[in-house]
Amino acid sequence: MDKVTDNTPRVRTRFPPSPTGALHLGGARTALFNWLFARHHGGEFVLRLEDTDRKRSKDEHVEGILAAMDWLGLDYDEGPFYQTKRLERYREAIDQLLEQGRAYWCHCSPEDLTKKREAAMAVGGKPMYDGACRDKNLGPAPGAVVRYKGPRTGSTSFNDLVKGPITFENKEMDDLIILRSDGWPTYHLAVVLDDIDMGITHVIRGDDHVNNTPRQILLYQALDAELPQFAHVPMILGPDKTKLSKRHGATAVMDYQEMGYLPEAMLNALARLGWSHGDQEMFSRQELIDYFGLKTVGRSAAVFDTDRLLHLNQRYIQESDPTRLAELLPPFLAARGIADYDQAVLLACLPELTPRAKTLVELADWAEPYLVDEPEMDPKAVKKFLGQEQVTVLERVVALVEAKGTGDSEALEQGVREIAEQMDLKLGGVAQPVRVALTGRTFSPGIFEVMGFLGDERVKARLNRALAIAAK
RNA sequence: GUCCCCAUCGUCUAGCCAGGUCCAGGACACCGGCCUUUCACGCCGGCGACACGGGUUCAAAUCCCGUUGGGGACGCCA
């Protein structure tokens, strides 16, 4: 029994995406859980690119995945490692298995295999490899592959950290290919060997891997390695409850960055899919780390709810520091053709805008009238609020602004209320025309606040422009 | 088809492991109201679920079995 000085197995988790596409929500959640688990236990988190599929792996996808990890703030202690750089190691292991009789060469052609698979299905069986070459003692040949020689009897079980004990009959598993005819190892062999070599202690991955686990356990045993702990987290489904895919709309993490979401909102939404901490809805990064645990991860699949994400984003925007928001906004403003603007005005209007915007895209939209010289006038707003009937009101407001300036919003409000009273109008009767004059729109923060961050000159110019329109 | 997994409001979930305090709590969405110079924010209220059937038990959302339903896996993809 040991004490403080012992080397209690340190926690080492990993996230092994395959660079065959962008980082999608499911992958991001898996990455997050692994990251949280490692951080929570003061362990290490490793990033590894599983690029043995030479046909589909692309450098651009590697870039994209790294960018997404960075955006989410999921930093790794080691890596990224590339499986393509470990070819020697894989071959060495395969040779060893071959020598020990734990693997064998198989000459069956892909066509034959397909045929056999279909035949098995037709009879109502599982489309497994029939082991035709298992005992033929064949050697290497062009087009040949190496298969792991698995046990045909007995069973393999493991204690899943989220699902509990799971058992598979060995006869349900066929001899899987570990070396392809193109000379590259397959996923099963590569993951197992990598996880062994990289000292991974906990394999946290998607539910869709539970079936792979027993066969991988067999490989660990064949390689005389110690088993890591396994934890399979439930899948993320689309609104129709089927595996989330592109046809469900935006599934790539970076799509959400473009749509104006904050990384902390995404992190929170992802974390709460399958995991919870009582009734708490929002978590800081540190709280996530402090509270995360595999015992509180649920077992059933979850539907990704964009309404929830949107709501979370709104809350995070509300809580965000204007300075930070201002730093994130340029790309979204540029998308609307706003490149040159007064940073001070942006900073001034932001506090009024954050309770109104759910995304950075919306925030940019709300800010536009205050950052451009002449806001675009909404025709409908003009028609409704800038007509002959409003000329007098506008004239009086111009006079008011000229007399008092825009600095003192209390005095302004008092003045506007007086105008309304004198003209027998409701406050809105004055406010709406002014609002349209100032912003070109029928909705905005309070008009006195707007005047405040627009300043005397622009307020007067816009009021006069509106007056000209109304007088026509 | 075979194997594996799962099953609380439309959605995310708390509660389940250690049965009673649950005629089931929170959040999103939705509906209504309040606030109000517009739009939001905010506040108040409403709608809304233990899949079904058997057990076990004084007592079951909680334990057991079955059924149904859903998902996943069955690749020289990962």
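Letters A, B, ... mirror the listed sequences (proteins, then strands); counts begin at 1. For the numbers below, each heavy atom of this structure counts, side chains included, while hydrogens, waters and symmetry mates do not.
Nearer to the 5' terminus of RNA chain B, by closest-nucleotide assignment, is the contact made by A:Gly274 (compared with the other of A:Gly274 and A:Met235). When each of A:Ala431 and A:Glu281 is assigned the nucleotide of RNA chain B bearing its nearest heavy atom, the one mapping closer to the 5' terminus is A:Glu281.
For A:Phe385, the ring pair (Phe, Tyr, Trp, His ring centres under 6.0 Å) criterion is met by no residue, not counting sequence neighbours. Under the ring pair (Phe, Tyr, Trp, His ring centres under 6.0 Å) criterion, A:Phe292 pairs with A:Phe33, A:Trp275, sequence neighbours left out. Among residues two or more places apart in sequence or in another chain, the ring pair (Phe, Tyr, Trp, His ring centres under 6.0 Å) test is passed with A:Tyr291 by A:His277.
Of all nucleotides present, only B:A73 satisfies the Watson-Crick or G-U wobble test against B:U2, with each distance under 3.5 Å. Across the strands present, B:C28 finds its partner in B:G10; the criterion is a Watson-Crick or G-U wobble pair with both atom distances under 3.5 angstrom. In a base pair of the Watson-Crick type (N1 to N3 plus N6-O4 or O6-N4) or a G-U wobble (N1-O2 and O6-N3), with each distance short of 3.5 Å, B:C63 is matched with B:G55.
Taking a cutoff of 4.0 Å between a charged side-chain nitrogen and a carboxylate oxygen, A:Asp160 and A:Arg299 do not qualify as a salt bridge. Taking a cutoff of 4.0 Å between a charged side-chain nitrogen and a carboxylate oxygen, A:Glu281 and A:Arg272 qualify as a salt bridge. Taking the charged nitrogens against the carboxylate oxygens, A:Arg324 and A:Glu264 do have a contact shorter than 4.0 Å, which makes a salt bridge. In this structure, A:Lys126 does not pair ionically with A:Asp174, as no charged nitrogen and carboxylate oxygen lie closer than 4.0 Å. Salt bridge status for A:Arg417 with A:Glu413: present, with a side-chain N to carboxylate O gap under 4.0 Å. No salt bridge links A:Asp182 with A:Lys55; every basic N to acidic carboxylate O contact stays at or beyond 4.0 Å. Contact check on A:Asp197 versus A:Arg86 returns a salt bridge, with a Lys/Arg side-chain nitrogen under 4.0 Å from an Asp/Glu carboxylate oxygen.
A:Asn313 and A:Thr359 share no donor-acceptor pair across their side chains, judged by distance under 3.5 Å alone.
The same atom, P, is picked in B:C16 and in B:C3; the two are 33 Å apart, to the nearest Å. Here, B:C31 and B:C47 have their C1' atoms 7 Å apart, quoted to the whole Å. Rounded to whole Å, the separation between the C1' atoms of B:G19 and B:A59 comes to 8 Å. Rounded to the nearest Å, the gap between the P atom of B:C50 and that of B:G45 is 24 Å. Between the P atoms of B:G46 and B:U8, the separation comes to 25 Å (whole Å). Taking atom C1' on both nucleotides, B:A29 is separated from B:G48 by 12 Å, rounded to a whole Å. Spacing between B:C12 and B:G75 at atom C1', rounded to whole Å, works out to 34 Å. For B:A49 and B:A14, the C1' atoms lie 13 Å apart once the distance is rounded to whole Å.
Residue contacts for A:Trp184: at a heavy-atom cut-off of 4.0 Å it reaches no nucleic acid atom on any strand shown. A:Pro445 comes within contact range of at least one nucleobase, with a heavy-atom separation under 4.0 Å. Using a 4.0 Å heavy-atom cutoff across all strands shown, A:Ile447 reaches at least one base atom of the nucleic acid. Within the 4.0 angstrom heavy-atom criterion, only backbone atoms of the sugar-phosphate kind lie near A:Gln318; the bases stay farther away. Across all strands shown, A:Glu172 has heavy atoms under 4.0 Å from sugar-phosphate atoms exclusively, and none from any base. A:Gly278 comes within 4.0 angstrom of the backbone, heavy atoms only, and of no base.
Nearest to the side chain of A:Val303, among B:C3, B:C12, B:C39, sits B:C12. In this structure, the nucleotide among B:C4, B:U38, B:A14 sitting nearest to the side chain of A:Asp279 is B:A14.
The phosphate of B:C3 (OP1 or OP2) has no side-chain N or O of A:Lys171 nearer than 4.0 angstrom. Put simply, A:Ser276 has a side-chain N or O that comes within less than 4.0 Å of OP1 or OP2 on B:A14.
Ring-plane geometry between A:His232 and A:Phe158 is classed as perpendicular, the angle between the planes exceeding 60 degrees on a 0 to 90 degree scale with a lower cut at 30.
Other residues, nucleotides and ligands contribute at most 12 non-hydrogen atoms within 6.0 Å of the NZ atom of A:Lys383. Counting heavy atoms of neighbouring residues, nucleotides and ligands inside a 6.0 Å radius, atom CD of A:Gln318 exceeds 12 of them.
One cannot find a donor-acceptor pair under 3.5 Å joining the base of B:C41 and the side-chain atoms of A:Arg356.
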In the 5'-to-3' direction, what one-character label does each nucleotide of nucleotides 28-34 of chain B receive under the scheme B = base within less than 4.0 Å of a protein heavy atom, S = sugar-phosphate only, - = no such atom?
SS-----

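Applying the 90° criterion around 0 to the glycosidic angle, B:C23 comes out anti.
If you take NZ of A:Lys241 and P of B:A51, they are 12 Å apart, rounded to a whole angstrom. Whole-Å rounding puts the A:Asp112 CG to B:G75 C1' distance at 16 Å. Rounded to an integer number of Å, the gap from A:Phe304 CZ to B:G10 P is 21 Å. At whole-Å resolution of the value, NZ in A:Lys380 and C1' in B:C39 are 15 Å apart. Rounded to an integer number of Å, the gap from CE of A:Met128 to C1' of B:G1 is 13 Å. Atom CG in A:Leu273 sits roughly 8 Å away from atom P in B:C12 (whole-Å rounding). Going from atom CZ of A:Arg417 over to atom C1' of B:U37 covers 8 Å, rounded to whole Å. Taking atom CZ of A:Phe283 as the reference point, atom C1' of B:A27 lies 11 Å away to the nearest angstrom.
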Might you list the N or O atoms of the protein lying below 3.5 Å from N or O atoms in nucleotides 76-78 of chain B, with each pair's distance?
{"from": "B:C76", "atom 1": "OP2", "to": "A:Arg117", "atom 2": "NH2", "distance (Å)": "3.4"}
{"from": "B:C76", "atom 1": "O2", "to": "A:Ser181", "atom 2": "N", "distance (Å)": "2.9"}
{"from": "B:C76", "atom 1": "O2", "to": "A:Ser181", "atom 2": "OG", "distance (Å)": "2.6"}
{"from": "B:C76", "atom 1": "N3", "to": "A:Ser181", "atom 2": "OG", "distance (Å)": "3.1"}
{"from": "B:C77", "atom 1": "OP2", "to": "A:Arg180", "atom 2": "NE", "distance (Å)": "2.7"}
{"from": "B:C77", "atom 1": "OP2", "to": "A:Arg180", "atom 2": "NH1", "distance (Å)": "2.1"}
{"from": "B:C77", "atom 1": "O5'", "to": "A:Arg180", "atom 2": "NH1", "distance (Å)": "3.2"}
{"from": "B:C77", "atom 1": "O3'", "to": "A:Arg180", "atom 2": "NH1", "distance (Å)": "3.3"}
{"from": "B:C77", "atom 1": "O2'", "to": "A:Asp53", "atom 2": "OD2", "distance (Å)": "3.0"}
{"from": "B:C77", "atom 1": "O2'", "to": "A:Arg56", "atom 2": "NH2", "distance (Å)": "2.8"}
{"from": "B:A78", "atom 1": "OP1", "to": "A:Thr52", "atom 2": "OG1", "distance (Å)": "2.7"}
{"from": "B:A78", "atom 1": "OP1", "to": "A:Arg180", "atom 2": "NH1", "distance (Å)": "3.0"}
{"from": "B:A78", "atom 1": "OP1", "to": "A:Arg180", "atom 2": "NH2", "distance (Å)": "3.1"}
{"from": "B:A78", "atom 1": "OP2", "to": "A:Tyr187", "atom 2": "N", "distance (Å)": "3.0"}
{"from": "B:A78", "atom 1": "O3'", "to": "A:Glu50", "atom 2": "OE1", "distance (Å)": "2.6"}
{"from": "B:A78", "atom 1": "N6", "to": "A:Asn212", "atom 2": "ND2", "distance (Å)": "3.4"}
{"from": "B:A78", "atom 1": "N1", "to": "A:Asn212", "atom 2": "ND2", "distance (Å)": "3.3"}

Got a list of protein N/O to nucleotides 5-9 of chain B N/O distances below 3.5 Å?
{"from": "B:C5", "atom 1": "O2'", "to": "A:Lys163", "atom 2": "NZ", "distance (Å)": "2.8"}

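Geometric assessment of A:Arg147 against the ring of A:Tyr129 yields a positive cation-pi assignment under the 6.0 Å and 45° thresholds.
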